[in-house]
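Structure in structure tokens, see below.
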Amino acid sequence: MSKATNWLTALIVLSMVLGMLFGQFVLHDTADPINASHWTKSVGDLVLIRPLKLLVIPLIFFSVVAGITRIGDPSKLGKLGLSTLAYYFGTMLIAVVIGTTLVTMFQPGHLDADSAQVLQQEGLELFNASDSKKIQIEGMQAETLGSTWLNILRQCIPTNIIAEMANGRPLGLIVFAIGFGLALAAGGQRTEAARRFFNAAFEGMMILVQWVIWLTPIGVFFLMAWTVGTIGLETILGPLGSYMGVVLLGLAIHGLIILPLILWLLTRCRPYQFMWQMRRALLTAFGTDSSSATLPVTMDSAENEGGCSKRSSNFVLPLGATINMDGTALYEAVAVVFLFQLFGIELAFSELVVVVITATLAAVGAAGIPSAGLVTMVIVIAAVNSSLAGTGQQLPLAAIGVILGVDRIIDMCRTTVNVWGDATAAKVMTLVAPDEVVAALDE
Ligand code: ASP
């Protein structure tokens, strides 16, 4: 492990702590709360989020094309693709079951009548006051599960790849890059130059990523300061404390026990050592709230420190940043059941099954950007509401306002688990396919 990497990690941790202290003691003021246009947020965006986002689309394109040309054979790609999808859906399902079990066990939404009333009222007011979120959430309301899936399928088969790139939609780009990579691999001698071009372009992108990564400590300082300044650390002790506690407990169980266990069972590698090797990516996810913006750092850590083969991580990680969201799936399940509990609506086992299925699918549909999970949660609420249709009990959409205020803190933690889930997949796919190991050693 290089000295520079250790320095960078130390700097990121230091700036995170300093950012929290600055946010809590200098910016946080309940009488005059700071908002999304506060200068700290703008500086964090400019210094870190925008440069990382700038890299994401070209990085996905070059990395998937280069990765696929290395894999070459469509049947090997098919095996890798199916195993990756099975791993992603399997781990998301486990995450949702953990979340649903914990929220049913601890019942954080069963408060005394007065506290519940106050929370409901405040939530409603917050929902109506937060214009942009309200519009996004109400826009989502029109989406049924079926239309969400149709939308995802449409994104997989785009008609204009430039438009997909321009709009930052990675799914179609990945599908196109897979097809193009396969064609370059099939072209033999005729496409040799293009294969070398894409591999070299990918190396160039990764060098650029390594430069941009040095902005992480500065960006993370301002983003942490803004988050803590907006919310305040004391909210952890407030009436939403037990809800937050259940989400965080679930994330900890999934991230620190279940995923390491799966990794160990499938590969026999040391999971916590791998977690340590991935630390820069995990810290960046925590600081930026975006698995998509973290993708460049995830790829750099996985390949240069985590011992993941290029052939697997080039393909597995971009796909994971787009569809694999263990933390988001778990959080959506806990949040939805919590809201139903708070509004006095008891969910039967059959509704909990609806939650498990729809939360997994809604998490797949969530983009790797801040608060995406909060918005796609509407799909889960709508599905449970329609399952309750005969009972006359319905959860109003504005109920989401209750958890709006503390969402950012939870987002930091669930994004970290999302990225950790992607990283474990890259490791598994490196080690379970023996030819991948040979390729990694060759490179
Ligand atoms: N912020 C999350 C991510 O980027 C998505 C979400 O749950 O809101 O992975």
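Ligands are counted one by one from 1 in listed order, and the atoms in each one are counted from 1 as well. Here, residue 1 is the first one in the sequence, and each next residue gets the next number.
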Per-atom filter on ligand 1: closer than 4.0 angstrom to a heavy atom of Asn418 are 2 (C), 3 (C), 9 (O)
> Under 3.5 Å between some N or O of ligand 1 and some N or O of Ala372?
Replying inline: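 For ligand 1, there is an N or O atom that lies under 3.5 Å from one belonging to Ala372.
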Q. Quick check: does Arg414 get an N/O under 3.5 Å from an N/O on ligand 1?
A. yes
Atoms in ligand 1 flagged as close to Ser290, the criterion being non-hydrogen separation under 4.0 Å
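Atoms satisfying the 4.0 Å criterion: 4 (O).
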Working to the nearest 0.5 Å, report the span between CG of Asp29 and OG1 of Thr230.
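Here the interatomic distance stands at 12.0 Å.
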### Query
In terms of residue, atom name and distance, what is the protein heavy atom nearest to atom 5 (C) of ligand 1?
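The protein heavy atom lying closest is Ile369 O, 3.5 Å.
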**Q.** Numbering as shown, the atoms of ligand 1 that approach Thr328 to under 4.0 Å (heavy-atom distance)
**A.**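 Under 4.0 Å from Thr328, ligand 1 has these atoms: 5 (C), 6 (C), 7 (O).
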The closest protein heavy-atom partner of atom 2 (C) of ligand 1 is Thr415 OG1, 3.3 Å
Interatomic distance, CD1@Ile94 vs CG@Leu261, rounded to 0.5 Å, equals 9.5 Å
Rounded to the nearest 0.5 Å, the CD atom of Glu351 sits from the CD1 atom of Ile345 at a distance of 10.0 Å
Using only atom types and a distance under 3.5 Å, with no angle test, would you say the side chain of Gln341 pairs donor to acceptor with the backbone of Val103? yes
| message | If you count every heavy atom of other residues, nucleotides or ligands that lies below 6.0 Å from Ile157 atom CD1, does the total exceed 12? | response | no
How about Phe198 and Phe61: are their ring centres within less than 6.0 Å of each other?
->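 Yes, the ring of Phe198 comes within the 6.0 Å limit of the ring of Phe61, centre to centre.
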TODO: Compute the shortest N/O to N/O distance between Gly368 and ligand 1 and return yes if it is under 3.5 Å, no if not.
DONE: yes
Report task. Give a yes/no on ligand 1: does Ala366 have at least one heavy atom closer than 4.0 angstrom to it? Result ->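 Under 4.0 Å: no for Ala366.
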The atoms of ligand 1 lying under 4.0 Å from a heavy atom of Ala367, numbered in the order shown, are 5 (C)
| message | Working to the nearest 0.5 angstrom, can you tell me the gap between Leu55 CG and Ile60 CD1? | response |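 With rounding to 0.5 Å, CG (Leu55) is 11.0 Å from CD1 (Ile60).
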**Prompt:** In the protein, what heavy atom is nearest to atom 3 (C) of ligand 1, and what distance, to one decimal place, separates them?
**Reply:**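 Heavy-atom neighbour on the protein nearest atom 3 (C) of ligand 1: Ser291 OG, 3.3 Å.
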Which ligand 1 atoms does Met325 reach within 4.0 Å, using its non-hydrogen atoms?
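What qualifies from ligand 1 is 9 (O).
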Q. Between Ala285 and ligand 1, which residue portion shows a heavy-atom distance shorter than 4.0 Å: side chain, backbone, both, or neither?
A.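 Neither; nothing of Ala285 gets under 4.0 Å from ligand 1.
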re atom 8 (O) of ligand 1, the protein heavy-atom contact at minimum distance is Gly373 N, 2.8 Å
Which segment of Ser371 sits under 4.0 Å of ligand 1 when only heavy atoms are counted
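The backbone, only.
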Answer yes or no: is there an ion pair linking Arg414 with Glu332, defined by an N-O contact shorter than 4.0 Å?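 No, Arg414 and Glu332 are not salt-bridged.
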_Classify the ring geometry of Phe22 against Trp39: parallel below 30°, tilted from 30° to 60°, perpendicular beyond 60°._
perpendicular
Report the part of Asp411 in contact with ligand 1, treating N, CA, C, O as backbone and CB onward as side chain, heavy atoms under 4.0 Å; options are side chain, backbone, both, neither.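 Within the 4.0 Å criterion, Asp411 contacts ligand 1 through side-chain atoms alone.
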Heavy-atom closest pair (Met20 atom, Val228 atom, distance to 0.1 Å) is O-CG1, 3.6 Å
